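Structure record follows, encoded as structure tokens.
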Amino acid sequence: MYPSLTYRDVGAALTWLAEAFGFQAQVLDEDSAIVRSASGTAVIQTDRPEDLHGSHTGHGWVYVVVEDIDAHYARAKAAGAGLLGEPHAYGDGDRGYSARDLEGNLWSFGTGPVP
């Protein structure tokens, strides 16, 4: 299963996601790409409202497990990510934070799996 997020400019999105969140990008074609973090993958594609039952830009939400939440948060902050608070405790000793990307999609990062 792969989450799919749409953007007005896939190239700009890939550059931003790599800088802010450290994702590895792979361009598939002029309208789509994938980004990877550890073993997770998400599809990144151009918003095509006529083909995708309306616009989906800014409507995605993805959770990503990271090892060092403080370093990840510092990287995102330095890149100007739309941070929604500082890293905080949740669950059974895990920590995380959330941010919005350049198109408004919600990305949550944490040290543990979603229950």
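None of the values given here were measured: they were computed from a predicted structure.
Residues Thr46 and Glu30 share a closest heavy-atom pair of OG1-O, 4.3 Å. Considering every non-hydrogen atom in both Ala33 and Val10, the closest pair reads CB-CG1, 4.2 Å. Scanning all heavy atoms of the two residues, the minimum distance from Tyr97 to Ala76 falls at OH-CB, 3.4 Å. What you find for Gly54 and Asp47 is that their closest heavy atoms are O-OD1, 4.4 Å.
For the pair Asp31 and Gln45, the minimum side-chain heavy-atom distance is 4.5 Å or more. In this structure the side chain of Val62 never reaches within 4.5 angstrom of the side chain of Leu106, judged on heavy atoms. Counting heavy atoms from C-beta on, the side chains of Ile34 and Ile44 never come closer than 4.5 Å. Looking at Val35 and Gln24, their side chains never come closer than 4.5 Å, going by heavy atoms from C-beta outward. No side-chain heavy atom of Thr6 sits less than 4.5 Å from a side-chain heavy atom of Ser55. In this structure the side chain of Asn105 reaches within 4.5 angstrom of the side chain of Tyr7, judged on heavy atoms.
Other residues, nucleotides and ligands contribute over 12 non-hydrogen atoms within 6.0 Å of the CG atom of Asp51. The environment of Glu86 atom CD is sparse: at most 12 non-hydrogen atoms of other residues, nucleotides or ligands sit within 6.0 angstrom.
Relative ring orientation between Phe23 and Trp107 is described as tilted, the plane-to-plane angle lying within the 30° to 60° band.
A distance-only check finds a donor-acceptor pair linking the side chain of Thr111 to the backbone of Arg95 [under 3.5 Å]. Between the side chain of Arg75 and the backbone N or O of Glu19 there is at least one donor-acceptor pair closer than 3.5 Å. For Glu103 (side chain) and Arg8 (main-chain N/O), a donor-acceptor pair under 3.5 Å exists by modelled atom type. At least one donor-acceptor pair under 3.5 Å links the side chain of His72 to the backbone N or O of Phe21.
Separating the OG1 atom in Thr57 from the CG atom in Leu5 is a distance of 10.0 Å, to the nearest 0.5 Å. Atom CG in Asp9 sits 8.5 Å away from atom CG in Leu102 (nearest 0.5 Å). A distance of 6.5 Å separates NE2 in His88 from OG in Ser98, rounded to the nearest 0.5 Å.
Note: the hydrophobic cluster containing Val64 also contains Trp16 (ILVMFWY, side chain heavy atoms under 4.5 Å, direct or indirect links). Residues Leu83 and Val66 are members of one and the same hydrophobic cluster, defined by side-chain heavy-atom contacts under 4.5 angstrom among Ile, Leu, Val, Met, Phe, Trp and Tyr. Cluster membership check: Tyr90 shares its hydrophobic cluster with Val65, using side-chain heavy-atom separations under 4.5 Å among Ile, Leu, Val, Met, Phe, Trp and Tyr. By the rule that hydrophobic residues join a cluster once side-chain heavy atoms approach within less than 4.5 Å of another member, Leu14 and Val43 end up as members of separate clusters.
The closest side-chain donor-acceptor pair between Trp61 and Ser108 falls under 3.5 angstrom.
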